[in-house]
Amino acid sequence: MCGIGGWIGPQDDGGEVADRMRQALHHRGPDSYGVRSFPSATLVHTRLSIIDLSESGVQPMANETGTIWSVFNGEIYNHRELRNDLERKGHRFRGYSDSEVIPHLYEELGSGFVERLRGMFAIAIYDARVQTLLLARDRFGIKPLFYAPMKTRLAFASELRALLYVKGIDTRPNRQAIYDSAALFYIPASETFYQGIRALQAGEILEASLLQDGAISWKTRRYWKGVIAPDQSLSLSEAVDQAEGLITAAVQRQLESDVPLAALLSGGIDSSLVSAAAQRALQGTLQTYNVRFSDQKYDETSAALTVAQHIGSHHVTLDMDEGQGTWERVIDLLAHAGQPFADTSLFGVNAVCRLMRTHVTVALSGDGGDEGFGGYDIYWRLARIAQMQCFPAVMWKTSAWTLGPLASLTVVPAYLPARLRELAQGDDVQIVQSLFTSLQDEELRGLCLDYQKMLPVRRFFEQQWDHCLPKNATRIERLSALATEANVRMTLANDFLFKVDLASMKESLEVRVPMLDEKLFSFGLTLPHRLKVKGRECKQVLREVAARQLPLMVAKKPKHGFGVPVDRWVNAEFKSRVREALIGPSSRLPEYFRPEVYEPIVEAFCSGRSDGGFSRSAIFQRTVFLLSIHLHLEGARSVS
């Protein structure tokens with residue numbers, strides 16, 4: 001696991017820029033670094049040593065002739081098979097790291113090499129023979145990669161902040177991205193907060209060439225997109241058999257490490273299945289960890305201990321210090337994101353990673369199981385909405401009109417009447433959008449200046465993947481397919497995986513996600529809706545796998561979100577400084593949002609009361625979003 005950066009094209013003071021970029025990425029790879037400069041390009045790498053700890057594993061890597069060079073962040077889990085194929089074709093290797101197969105595989109297959117890789121990766125390859133730069137990101141977006149195209153240069157880096165040292169980038173705030181982040185609480189690729197910087201999308205390749213006149217030509221293409229093809233002939237028992245075997249194989253592939261490895265055992269179904277498979281595959285005893293919260297609402301220690309005892313792992317419970325929601329810590333994490341990001345579970349995930357890093361360098365996680373196997377409440381809600389839409393629209397409108405006064409009195413959530421009106425006649429895209437956006441259209445319209453000038457958020461939820469459904473597919477099957485796509489393409493790639501990478505790599509901890517193994521996930525996309533949901537119980541297939549391998553109380557337990565107890569976590573000083581930052585005279589928020597809309601929310605958070613029917617958690621999320629925007633507007637001012 002590492003940090004990568006660099007550029008193609010001329011760059012004044014290239015050595016100084018490369019050194020600053022390296023320093024900005026140091027936390028991603030504190031063990032060593034490498035910089036390789038060419039007449040028309042530079043590659044930067046910081047290394048977190050995981051496989052082949054010797055000098056043979058140092059990057060940038062090259063082919064035998066030194067004409068193709070690569071830097072790479074991630075893990076290639078099928079590198080041994082690829083190496084064997086390449087050696088049969090005459091390629092020679094110095095060491096045994098997974099990173100070394102990349103320049104050789106590119107030499108054989110060109111840009112098609114990426115389709116042979118299984119794993120998580122952000123890759124840059126410079127081909128000195130033709131002066132081209134190739135960037136590639138893994139299928140699900142586990143590893144981030146940003147780039148800045150200019151007339152005579154294209155720069156790239158694992159993190160946005162590292163690109164700010166490159167001269168000539170347009171660092172003015174992107175108003176459209178700010179508007180989108182207000183709806184989603186994250187900025188979806190390929191947008192970023194900065195007008196001159198873009199994010200490579202999951203499953204995407206960029207190819208850039210230095211032309212004879214000194215200009216840069218570049219283009220992107222998708223090398224992978226999901227195919228949702230529900231197999232209606234599949235029985236539950238057959239699905240469980242297949243899933244069980246694929247989970248075992250996926251975890252076995254991801255256990256290779258020359259440094260201490262453990263599993264994050266939260267007590268949920270996915271992390272428990274991953275831990276059980278790892279324990280079976282290892283010759284020794286697996287180390288498992290969970291974090292204990294003093295607030296029982298957030299704590300799953302009992303379930304984690306039950307699983308650990310059942311599988312025979314060596315388990316350690318780490319105590320979460322809940323008194324750490326200081327201004328400095330929150331600001332540090334939000335600034336580290338590089339752009340506005342308001343998933344408040346970031347603070348809890350980072351605390352877990354910081355504690356685990358004192359013991360291990362690599363952690364297995366259960367992320368991805370919900371997205372692949374229908375593990376969220378939205379899947380049973382879709383069925384309910386589809387049924388309710390059969391009622392006459394006048395009933396919905398009457399209900400919305402009736403609830404209006406109650407919303408004004410905060411008896412019911414403020415957004416509820418508008419939500420009912422939207423769902424009354426909403427099409428598939430509108431229904432899915434309503435389930436995946438943090439702020440609904442009516443709240444967004446009231447909050448954002450220039451709302452009418454912005455592109456609609458709806459564009460992100462239009463179908464982009466292939467949905468192989470029969471002509472007579474039910475409404476719920478269509479909704480389920482579109483929701484799965486939105487779950488993976490939008491929320492998983494831009495929110496959940498970005499959060500895990502941000503929280504873990506800040507602490508120099510590598511997190512692996514076996515549930516996102518390509519074969520396992522592709523199988524999940526073949527499950528019809530009836531194998532995802534039974535009544536209000538989701539993730540049927542993985543629950544049945546868990547019933548075979550784990551205590552029944554784990555297989556049957558409801559999904560437990562991961563967060564921090566807000567009002568106990570942040571201190572009084574934090575609330576005071578939030579008020580000054582967001583409502584004080586120096587705030588830049590009025591350039592983008594209406595103060596009369598957001599100021600009552602900030603005041604409600606600081607005073608500890610509810611407002612507008614929002615829960616305390618919802619108020620905290622909105623406040624963190626505003627704070628994140630404020631920080632990056634201030635940052636953009638300082639670098640412009």
Side-chain angles (χ1 to χ4, degrees), residues 3-26 28 35 37-38 40-46 71 73 122 124 126 131-135 137 144-178 180-181 186-201 204 206-211 213-220 334-341 494 498 502 588 591-592 628-629 631-640:
I4 65 174
W7 60 85
I8 183 172
Q11 171 70 60
D12 294 337
D13 302 323
E16 180 182 348
V17 173
D19 190 56
R20 289 185 175 182
M21 185 176 281
R22 174 187 66 79
Q23 293 178 39
L25 297 171
H26 174 75
R28 299 185 71 92
V35 177
S37 295
F38 310 88
S40 301
T42 293
L43 299 178
V44 178
H45 184 263
T46 62
V71 285
N73 167 34
Y126 179 66
Q131 292 187 305
T132 61
L133 175 73
L134 180 145
L135 305 179
R137 192 177 180 201
L145 191 55
F146 301 93
Y147 64 98
M150 294 162 275
K151 282 187 176 181
T152 61
R153 189 184 317 115
L154 187 145
F156 67 93
S158 293
E159 296 183 5
L160 277 164
R161 298 190 309 162
L163 282 173
L164 300 180
Y165 294 106
V166 179
K167 298 178 181 178
I169 294 176
D170 185 350
T171 57
R172 291 176 298 169
N174 179 347
R175 198 174 194 93
Q176 179 68 57
I178 291 173
D180 291 333
S181 69
Y186 60 82
I187 297 177
S190 57
E191 292 182 345
T192 76
F193 176 73
Y194 299 100
Q195 290 191 26
I197 303 178
R198 299 171 66 84
L200 201 65
Q201 295 188 68
E204 190 174 52
L206 180 149
E207 295 177 273
S209 300
L210 182 61
L211 306 180
D213 64 358
I216 293 292
S217 170
W218 64 278
K219 61 182 179 180
T220 61
L334 293 179
H336 193 80
Q339 63 180 355
F341 185 72
N494 298 292
F498 179 80
L502 167 65
R588 292 187 61 188
E591 298 175 31
Y592 299 87
S628 184
I629 291 285
L631 290 174
H632 290 94
L633 288 173
E634 288 296 303
R637 175 187 289 170
S638 66
V639 299
S640 61

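The side chain to side chain donor-acceptor pair (under 3.5 Å) test applied to T132 returns no partner, not counting sequence neighbours. The side chain to side chain donor-acceptor pair (under 3.5 Å) search around N494 returns none, not counting sequence neighbours. Remark: Q195 pairs with D170, R172, N174 by the side-chain contact (heavy atoms from CB on, under 4.5 Å) rule, at least two apart or across chains. With sequence neighbours excluded, no residue forms a side chain to side chain donor-acceptor pair (under 3.5 Å) with T152. With sequence neighbours left out, the ring pair (Phe, Tyr, Trp, His ring centres under 6.0 Å) criterion links Y126 to F38. Partners of Y147 under the ring pair (Phe, Tyr, Trp, His ring centres under 6.0 Å) rule, at least two apart in sequence or in another chain, are W218. For V17, the side-chain contact (heavy atoms from CB on, under 4.5 Å) test picks out W7, Q11, V166, with sequence neighbours left out. Legend: residues meeting salt bridge (Lys or Arg N to Asp or Glu O under 4.0 Å) with R20, ordered by chain and number and at least two apart, are E16. Residues satisfying the side-chain contact (heavy atoms from CB on, under 4.5 Å) criterion with A162, sequence neighbours excluded, are M21, A24, L25, A157. The salt bridge (Lys or Arg N to Asp or Glu O under 4.0 Å) test applied to D12 returns no partner, not counting sequence neighbours. Partners of S217 according to the side-chain contact (heavy atoms from CB on, under 4.5 Å) rule, which considers only residues two or more places apart in sequence or in another chain, are L211.
With hydrogens and angles disregarded, a donor-acceptor distance shorter than 3.5 Å links the side chain of S158 to the backbone of I4.
R22 and T46 form no side-chain donor-acceptor contact under 3.5 Å, judged by distance and modelled atom types alone.
Across every non-hydrogen atom of A208 and L154, the tightest pair is CB-CD1, 4.2 Å.
Atoms OG1 and CD1, on T171 and I197 in that order, are 7.5 Å from each other to the nearest 0.5 Å.
Sorted by first and then second residue, the pairs that involve residues 151-166 and meet salt bridge (charged side-chain N to carboxylate O under 4.0 Å, His left out), not counting sequence neighbours, are R28-E159.
Separation of the Y186 and F498 ring centroids does not fall under the 6.0 Å cut-off.
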